[in-house]
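Please read the structure below before turning to the comments.
Numbers restart at 1 for each chain; the letters A, B, ... are given by sequence-line order, proteins then strands.
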Amino acid sequence: GAVVSQHPSWVICKSGTSVKIECRSLDFQATTMFWYRQFPKQSLMLMATSNEGSKATYEQGVEKDKFLINHASLTLSTLTVTSAHPEDSSFYICSARKSSGINYGYTFGSGTRLTVV
Amino acid sequence: GQQLNQSPQSMFIQEGEDVSMNCTSSSIFNTWLWYKQDPGEGPVLLIALYKAGELTSNGRLTAQFGITRKDSFLNISASIPSDVGIYFCAGRPDSGTYKYIFGTGTRLKVLA
């Protein structure tokens, strides 16, 4: 099956520092990966679409300079939260789409809980 | 961001009962997905639907792609305690994009 690994599963950082979250597709190639943010008891909100070898596409209202996305290979996308502040504390989840085929569900990582203190 | 309307928002049921939830949109979708999310985890895909009218089962779960292409339904038969969690629908707009829009979620609690 399709497995997506996300690391770290949780992180606590000081305000003003940067945090990098990794999303890896373990047994398939992912041309496209997606980054979501989820607040407690709320749904998943798409932040950006990460495309291998090109710039990420950000959703309206998401600061691209604050949430840096890099998709340097077909199996790895990273999300860096720069100059983190307490309001950035959230559950961040990535999902990946296989490079081949059309109709299939997307596979999600297990999420990263970020707490900024 | 855009979200789908999902109902009910939450429900308490007795073990053994059947459960129904639905997701509606004002626009047409060409793919519907149903996910379950446990606390502190990422969503896990339950069922994927690709064409209007499609009815697909996965064990005790059955989902249908509405014929109007603007809604989808998920049924859980003979619920058990491990069915507890949050169920999300996700729809792919009929615009050629690979982005999915998520429903607001249905929080299910099963009373033993």
Side-chain angles (χ1 to χ4, degrees), chain A residues 1-10 21 23-25 30-52 56-62 90-115, chain B residues 1-7 9-10 21 23-25 29-52 54 56 58 61 63 65 72 74 85-109:
Chain A
V3 178
V4 174
S5 173
Q6 193 171 335
H7 178 81
S9 57
W10 61 270
I21 302 170
C23 182
R24 294 181 183 272
S25 57
T31 304
T32 306
M33 292 185 175
F34 302 89
W35 287 96
Y36 294 83
R37 185 173 181 175
Q38 186 179 32
F39 290 107
K41 297 186 178 181
Q42 293 191 22
S43 187
L44 287 78
M45 300 301 295
L46 180 64
M47 298 175 64
T49 302
S50 172
N51 301 298
E52 186 268 335
T57 304
Y58 290 81
E59 294 300 299
Q60 190 173 8
V62 178
S90 187
F91 194 51
Y92 293 87
I93 312 174
C94 68
S95 72
R97 167 184 171 264
K98 282 187 177 181
S99 300
S100 58
I102 299 176
N103 288 329
Y104 40 72
Y106 288 48
T107 303
F108 281 84
S110 55
T112 297
R113 182 159 304 283
L114 170 63
T115 302
Chain B
Q2 185 179 357
Q3 286 190 329
L4 300 173
N5 293 319
Q6 192 171 340
S7 66
Q9 186 175 15
S10 63
M21 60 190 79
C23 215
T24 59
S25 168
F29 284 2
N30 64 7
T31 304
W32 285 95
L33 308 176
W34 283 93
Y35 286 89
K36 182 190 177 194
Q37 184 179 29
D38 292 324
E41 299 288 334
V44 174
L45 181 65
L46 299 174
I47 293 177
L49 303 162
Y50 302 115
K51 57 182 181 181
E54 181 179 354
T56 299
N58 178 6
L61 279 62
F65 193 142
S72 181
L74 175 69
I86 305 175
Y87 292 80
F88 289 103
C89 62
R92 179 181 160 195
D94 194 20
S95 61
T97 177
Y98 285 110
K99 296 191 299 185
Y100 279 84
I101 300 169
F102 276 78
T104 48
T106 294
R107 188 179 298 271
L108 178 65
K109 296 187 179 182

If you count heavy-atom pairs within less than 4.5 Å of chain A, which of B/P43, B/G42, B/G40 leads?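 Between B/P43, B/G42, B/G40, the count favours B/P43.
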Checked A/S9, A/C94, A/S95, A/S110 vs chain B; the most non-hydrogen pairs under 4.5 Å come from A/S110
The criterion is ring-ring contact (aromatic ring centres under 6.0 Å, His included); which residues satisfy it with A/Y92, sequence neighbours excluded? none
Select one option (side chain, backbone, both, neither) describing which atoms of A/Q38 are under 4.5 Å from chain B's heavy atoms.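 For A/Q38, the side chain is the part near chain B, not the backbone.
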Structural part of A/L44 lying under 4.5 Å from a heavy atom of chain B: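 Both parts, backbone and side chain.
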Do the side-chain N and O atoms of B/W34 and B/S72 include a donor-acceptor pair separated by under 3.5 angstrom?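 There is such a pair (donor and acceptor under 3.5 Å, judged by atom type) between the side chains of B/W34 and B/S72.
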First locate atom CZ of A/R97, then atom NZ of B/K99, and finally report the distance between them rounded to the nearest 0.5 Å.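 Answer rounded to 0.5 Å: 14.0 Å.
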For B/E54, what residues pass the salt bridge (Lys or Arg N to Asp or Glu O under 4.0 Å) criterion, not counting sequence neighbours?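 Salt bridge (Lys or Arg N to Asp or Glu O under 4.0 Å) check on B/E54 returns nothing, list empty.
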Are B/F102 and A/F108 an aromatic pair, judged by ring center distance below 6.0 Å?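 Yes, ring centres under 6.0 Å apart.
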Which answer fits B/Q6, side chain, backbone, both or neither, if we ask what part of it has an atom under 4.5 Å from a heavy atom of chain A? neither
